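This is the structure, below, for whatever I ask next.
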Amino acid sequence: MSEVKISAATRTEFGKGAARRIRRDNKVPGVLYGHGSDPLHLTFPGHELLLALRTPNVLISLDIDGKTSELAIPKAVQRDPLKGFLEHVDLLLVKRGEKVQVEIPVVAEGELAPGGYLLEHVLDALPVEAEATHIPENVTVSVEGLEAGASVLAKDIALPNGVTLAVEEDAVVLQVLAAQAEEAPEGAEGEGEEAAEA
């Protein structure tokens with residue numbers, strides 16, 4: 001997993017007005033917490049943070065005020081619902097070798113069996129426990145040739161070394177559904193009309 005270096009500055013101003021001023025300067029307010037330490041209120045460079053957060057569970061090496069260096073992973077990201085820019089970020093402090101619980105995206109590959117079947121992602125992301133510095137970016141699952149009624153359970157997914165499930169083994173991750181027949185509702189309406197005429 002790649003490690004992204006970002007410089008951060010401690011902040012002393014709080015509240016909506018302060019947050020707006022920070023965002024006007026193309027920066028993002030955030031909080032770093034974990035390991036029983038007091039939350040540290042920080043300001044991050046907006047563009048650099050936005051690029052870093054494109055990678056799920058990215059490992060961020062923080063240079064705080066040019067004095068201390070910490071490792072963190074994103075825990076909660078708030079975005080503007082319309083424009084999509086970052087409004088606030090919560091980062092979790094981690095240490096090398098430490099296990100953390102995260103959710104990693106599930107990527108399906110391959111073609112379903114012929115017949116117009118639909119693939120439903122019951123879980124878009126798989127909860128796992130992994131070492132903070134070795135979090136996989138995603139897990140790939142083959143759905144080649146699966147038919148309606150088939151499902152992929154959490155225990156069926158091959159995980160990299162050192163990564164374990166943080167969800168029930170029998171949890172359904174993907175399932176194949178039969179495409180809905182469009183004629184069924186029309187037939188039902190026809191029956192209703194005949195009943196009304198009788």
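Small disclaimer: the values here were computed from a predicted structure and weren't measured.
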>> Contact between Val176 and Glu147 at the side-chain level, heavy atoms closer than 4.5 Å - yes or no?
In response: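 Contact flag for Val176/Glu147 side chains = no.
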> If every non-hydrogen atom of Tyr117 is compared with every non-hydrogen atom of Leu146, which pair is closest and at what distance?
Replying inline: CD1-O, 4.1 Å
> Can you check whether Leu159 reaches Leu126 side chain to side chain, under 4.5 Å on heavy atoms?
Replying inline: yes
> What are the two closest heavy atoms between Ala158 and Val139, and how far apart are they?
Replying inline: O-CG1, 4.5 Å
> Gln175 and Glu120: which non-hydrogen atoms are nearest, and at how many Å?
Replying inline: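 Taking every non-hydrogen atom into account, NE2-OE1, 2.6 Å.
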> Leu91 pairs by side-chain contact (heavy atoms from CB on, under 4.5 Å) with which of Leu62, Val77, Val31, Ile73?
Replying inline: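 The side-chain contact (heavy atoms from CB on, under 4.5 Å) with Leu91 is passed solely by Leu62 among Leu62, Val77, Val31, Ile73.
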>> Applying salt bridge (Lys or Arg N to Asp or Glu O under 4.0 Å) as the test, list every pair that has at least one member in residues 92-102; sequence neighbours left out.
In response: Glu3-Arg96
>> Ignoring hydrogens, what is the shortest heavy-atom contact between Val28 and Gly46? Give both atom names and the distance.
In response: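 Looks like CG2-CA, 3.7 Å.
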>> Counting C-beta onward and ignoring hydrogens, is there a side-chain heavy-atom pair between Val4 and Leu59 closer than 4.5 Å?
In response: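 No, side chains not in contact.
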>> Applying side-chain contact (heavy atoms from CB on, under 4.5 Å) to Leu40 and Tyr33, what does each step give before you reach the verdict?
In response: CA-CA 6 Å; Leu40 191 58; Tyr33 63 92; over 6 Å; no
> Do the side chains of Val122 and Leu153 join up, straight or via other hydrophobic residues, at under 4.5 Å, putting them in one cluster?
Replying inline: yes
>> Determine whether Ser61 and Leu71 satisfy the following criterion, side-chain contact (heavy atoms from CB on, under 4.5 Å), listing intermediate values before the conclusion.
In response: CA-CA 5 Å; Ser61 176; Leu71 285 177; 4.1 Å; yes
> What are the two closest heavy atoms between Gly34 and Ser37, and how far apart are they?
Replying inline: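 Looks like O-OG, 2.7 Å.
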> Only one of Val141, Leu174, Val107 forms a side-chain contact (heavy atoms from CB on, under 4.5 Å) with His121, so which one is it?
Replying inline: Leu174
> For the residue pair Leu119 and Ala108, what are the closest heavy atoms and their distance?
Replying inline: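 The pair with the smallest heavy-atom distance is CD2-CB, 3.6 Å.
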> If you draw a 6.0 Å radius around CD in Glu111, do more than 12 non-hydrogen atoms from other residues or ligands fall strictly inside?
Replying inline: no
>> Listing request: all side chain to side chain donor-acceptor pair (under 3.5 Å) pairs with a residue in residues 151-170, at least two apart in sequence or in separate chains.
In response: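 Counting only pairs at least two positions apart or across chains, the side chain to side chain donor-acceptor pair (under 3.5 Å) contacts touching residues 151-170 are Lys155-Asp170.
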> Taking Asp65 for the side chain and Thr10 for the main chain, is one N or O donor matched with an acceptor at less than 3.5 Å?
Replying inline: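 Pair found, side chain donor or acceptor close to backbone of Thr10.
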>> Would you say that Glu103 contacts Val128 through its side chain, given a criterion of any heavy-atom pair below 4.5 Å between the two side chains?
In response: no
> Hey, does the side chain of Gln101 reach the backbone of Glu129 with a donor-acceptor pair shorter than 3.5 angstrom?
Replying inline: no
> Heavy atoms, side chains only, cut-off 4.5 Å: are Ile64 and Glu70 in contact?
Replying inline: yes
